[in-house]
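Side chains are part of it too, since the values below use all heavy atoms of this structure and drop only hydrogens, waters and symmetry mates. All ligand and atom numbering here is 1-based and tracks the order in the structure.
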Amino acid sequence: MSTHEQYEQWNAVDSYLSDTLGLADPALEAALKASDAAGLPQIAVSAPHGRLLHLLARIQGARRILEIGTLGGYSAICLARALPEDGRLLTLEFDPRHAEVARGNIAAAGLADKVEVRVGAALDTLPLLQQEAVGPFDLAFIDADKANNPAYVRWALELSRPGTLIVVDNVIRDGKVADLTSEDPAIKGTQETLALIAAEPRLTGTAVQTVGSKGYDGFALAVVTG
Ligand code: SAH
Ligand code: DHB
Ligand code: MG
């Protein structure tokens, strides 16, 4: 199979899974449509991965969720839907245009009172969260600028409790993560993140490779052990 055919198959299987499992519901479809209309990049998690995030939040019994990297709010909607009535998701976004689109999508999904979108570079807004003592979070989903992932994992740890789950998106990147000669700051950031998960005694983690409509990529998962 050519690379193109392989990609087409991953895409077709993601569509099949999405249809068969009923993952493409109106609010998520509307969020993607509004994001496209506003010219946002098409880099939200896939429908199956969005449901995986939802399930992880459910399994975790999450009441407070931190997200770094909102885009149009697709993953935020998936995660926030797992929250109980008094649960809250705080999502950090650098681009005010993305944040505005996300707020609209989150409101249209009926989640406005559970989700707060904060605008700013996450390295500037994370210290404020600590000052405000909004943590600890039960789950952190890290999906912003990859070069800063080591710092984001450290912040997630800072704002965690024993048992907190940390999920990092896009850690495989077409297999580039295993290129130890890479000078790409995103790849180096990911490699450092995995090394940090391994070296940090309070974290037990792994990474899983995935294929699908977003290509060949993967997640890192780590639990805070105390
Ligand atoms: N989690 C989203 C996709 C996020 S895409 C979803 O799956 O639906 C990455 C987002 O991170 C983009 O919106 C980008 O603007 C944002 N971002 C990039 N650098 C950032 C930074 N330093 N702080 C906060 N957000 C950042
Ligand atoms: C990119 C970022 C993402 O978070 C993602 O899931 C896919 C691609 C990107 O910056 O290219
Ligand atoms: Mg991502």
In terms of hydrophobic clusters joined by side-chain contacts under 4.5 Å, are V134 and L123 together?
yes
Above 12 or not: heavy atoms from other molecules or residues under 6.0 Å from CZ of F94?
no
Numbered atoms of ligand 1 (with element) below 4.0 Å of Y152, judged on heavy atoms
21 (C), 22 (N), 23 (N)
K114 (side chain) donor-acceptor with A112 (main chain) under 3.5 angstrom
no
Tell me, which N, O or S atom in D143 is closest to the Mg ion (ligand 3)?
OD1
Please step through side chain to side chain contact (heavy atoms under 4.5 Å, CB included) for the pair E67 and E93, ending with a clear verdict.
CA-CA 9 Å; E67 179 178 71; E93 174 54 52; over 6 Å; no
Is there a side-chain contact between I77 and L28 (heavy atoms, below 4.5 Å)?
yes
For K214, atoms of ligand 2 separated by under 4.0 Å from a heavy atom
5 (C), 6 (O), 7 (C)
Ignoring hydrogens and geometry beyond distance, is a side-chain donor-acceptor pair present between T193 and N149 at under 3.5 Å?
no
To the nearest 0.5 Å, how far apart are CD in Q60 and OG1 in T164?
7.0 Å
Which atoms of ligand 1 are found less than 4.0 Å from any heavy atom of L71?
2 (C), 3 (C), 4 (C), 5 (S), 13 (O)
Considering D143, I68, L123, which one's heavy-atom position lies nearest to atom 3 (C) of ligand 1?
D143
Is it the side chain (CB and beyond), the backbone, both or neither of D169 that lies under 4.0 Å from ligand 2, heavy atoms counted?
side chain
Could you tell me whether ligand 1 has any atom less than 4.0 Å away from a heavy atom of G120?
yes
Atom name of the N, O or S atom of D169 nearest to the Mg ion (ligand 3) is OD2
Output yes if S75 passes the N/O/S-under-2.8 Å test against the Mg ion (ligand 3); output no otherwise.
no
Just let me know how N170 lines up against ligand 2, side chain, backbone, both or neither, with a heavy-atom cut-off below 4.0 Å.
side chain
Could you name the option among A121, P41, S75 that has the heavy atom nearest to atom 2 (C) of ligand 1?
S75
Hey, does F141 have a side-chain heavy atom less than 4.5 Å from the side chain of L53?
yes
Return the residue, atom name and 0.1 Å-rounded distance of the protein heavy atom closest to atom 21 (C) of ligand 1.
D145 OD1, 3.5 Å
To the nearest 0.1 Å, how far is atom 14 (C) of ligand 1 from its closest protein heavy atom, and which atom is that?
E93 OE2, 3.4 Å
Return yes or no for this condition: an N or O of F94 is under 3.5 Å from an N or O of ligand 1.
yes
One finds that the ligand 1 atoms under 4.0 Å from a non-hydrogen atom of H98 are 12 (C), 13 (O), 15 (O)
Would one find more than 12 heavy atoms of other residues, nucleotides or ligands at under 6.0 Å from atom CD of E132?
yes
So which protein heavy atom does atom 9 (C) of ligand 2 come closest to, and at what separation?
R173 NH2, 3.4 Å
Short version for T70: what comes under 4.0 Å of ligand 1, heavy atoms counted, is backbone
In terms of heavy-atom contacts, does CD of E8 have more than 12 from other residues, nucleotides or ligands at under 6.0 Å?
yes
Please state which protein non-hydrogen atom is closest to atom 23 (N) of ligand 1 and give its distance, to 0.1 Å?
A122 N, 2.9 Å
Can you check whether V177's main-chain N or O pairs, donor with acceptor, with Q191's side chain at less than 3.5 Å?
yes
From atom 7 (O) of ligand 1, work out which of V45, N148, V101, L53 has a heavy atom at the shortest distance.
V45
Hey, does the side chain of Y7 reach the backbone of S213 with a donor-acceptor pair shorter than 3.5 angstrom?
yes
Of all protein heavy atoms, the one nearest atom 5 (S) of ligand 1 is I43 CD1, 3.6 Å
